[in-house]
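A short worksheet on the structure shown next.
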Amino acid sequence: MGLPWPRLWLKRLWVLLQVAVHVAVGKVLLTLFPERVTQHILSLGQQTGMAKNPHFTHDNWVPTFFSTQYFWFVLKVRWQQLEDMTERGGLAPNCPVVHLSGQRCNIWDFMQDGWAFKNNVDIRKHRNLQDRLRAAHMLLARSPQCPVVVDTMENQSSQRYAALPERLYVLQEGRILYKGKPGPWNYHPEEVRAVLEKLNN
């Protein structure tokens with residue numbers, strides 16, 4: 001499954017260099033031309049809807065760009081994308097997940113029945129399943145209109161679906177009907193709505 005190890009490590013090395021250059025150049029540009037770079041980042045936020053949230057201003061996320069934490073997070077995301085094996089119409093990976101009750105199940109069972117911005121919900125890196133379940137309960141307190149499950153500590157779902165930092169999928173009968181692009185820049189809930197409305201018609 002996935003790329004052979006030598007090829008994967010060569011691609012990881014190439015991605016490491018790309019991300020290092022991206023962060024270094026971004027940091028220099030942000031230092032030399034702060035207003036211009038901030039305007040560019042804000043235009044990206046406008047395109048993705050991030051700028052529309054009144055509780056999440058640009059002061060919360062622009063200063064976090066090109067930091068050490070940003071570097072490691074982007075690197076982790078890009079490395080994970082190298083192992084992305086999901087495709088629209090393909091078989092959906094049946095990864096283990098955990099209900100908030102602690103009961104273990106698989107994504108298909110559920111289907112049938114991680115760098116942070118300032119002012120974001122402060123959730124430390126999960127060291128065990130209880131940490132992860134506590135974080136999920138914070139989401140549950142906001143009354144989402146869907147069931148909530150968490151990935152296992154092995155992060156199989158996140159890895160197989162290349163879901164870091166966030167990605168939307170629509171699964172039906174074990175197949176991938178919709179595979180969104182990774183967020184936050186390419187995150188489009190309206191596309192999911194269109195797929196779901198088409199399924200209901």
TODO: Please check if the distance between the ring centroids of Tyr161 and Tyr169 is under 6.0 Å.
DONE: yes

- [ ] Applying salt bridge (charged side-chain N to carboxylate O under 4.0 Å, His left out) between Asp84 and each of Arg78, Lys179, Arg160, report the one that passes.
- [x] Lys179

Open item on the list: Run His22 and Phe66 through side-chain contact (heavy atoms from CB on, under 4.5 Å) and show every step you take.
Closed with: CA-CA 8 Å; His22 165 78; Phe66 313 121; 3.8 Å; yes

Task: His137 and Leu140: CA distance, side-chain angles, deciding distance, side-chain contact (heavy atoms from CB on, under 4.5 Å) verdict - done: CA-CA 5 Å; His137 278 284; Leu140 205 57; 4.0 Å; yes

Would you give the length of the straight line joining atom [atom1] of [X] to atom [atom2] of [Y], rounded to the nearest 0.5 angstrom?
X	Y	atom1	atom2	value
Glu87	Arg175	CD	CZ	10.0 Å
Leu199	Glu197	CG	CD	10.5 Å
Glu191	Leu168	CD	CG	9.0 Å

TODO: Decide yes or no on side-chain contact (heavy atoms from CB on, under 4.5 Å) for Leu133 and Val150, but give the supporting numbers first.
DONE: CA-CA 7 Å; Leu133 292 170; Val150 299; 3.7 Å; yes

Within-4.5 Å side-chain heavy-atom neighbours: [X] and [Y]:
X	Y	value
Pro182	Glu166	no
Leu75	Val15	yes
Leu196	Val170	yes
Thr152	Val97	no

For [X] and [Y], which heavy atoms make the closest approach, and how far apart are they?
X	Y	result
Leu129	Asp151	CD1-O, 4.2 Å
Cys95	Ser157	CB-OG, 3.0 Å
Ser67	Val23	O-CG1, 4.4 Å

Open item on the list: Please determine whether side-chain contact (heavy atoms from CB on, under 4.5 Å) holds for the pair Arg12 and Leu82, giving the CA-CA distance in whole Å, both sets of side-chain angles, and the decisive distance to 0.1 Å.
Closed with: CA-CA 8 Å; Arg12 282 186 172 188; Leu82 290 176; 3.8 Å; yes

Task: Ser158/Gln80 under side chain to side chain donor-acceptor pair (under 3.5 Å): CA gap, chis, key distance, verdict - done: CA-CA 9 Å; Ser158 178; Gln80 188 182 73; 3.1 Å; yes

Open item on the list: Any side-chain to backbone donor/acceptor pair from Arg167 onto Ala162? Under 3.5 Å, distance only.
Closed with: yes

- [ ] Would you check if the side chain of Arg104 reaches a backbone N or O of Val98 as a donor-acceptor pair within less than 3.5 Å?
- [x] no

Task: side-chain hydrogen bond (donor to acceptor under 3.5 Å, both in side chains): pairs with one or both residues in residues 28-37, sequence neighbours excluded - done: none

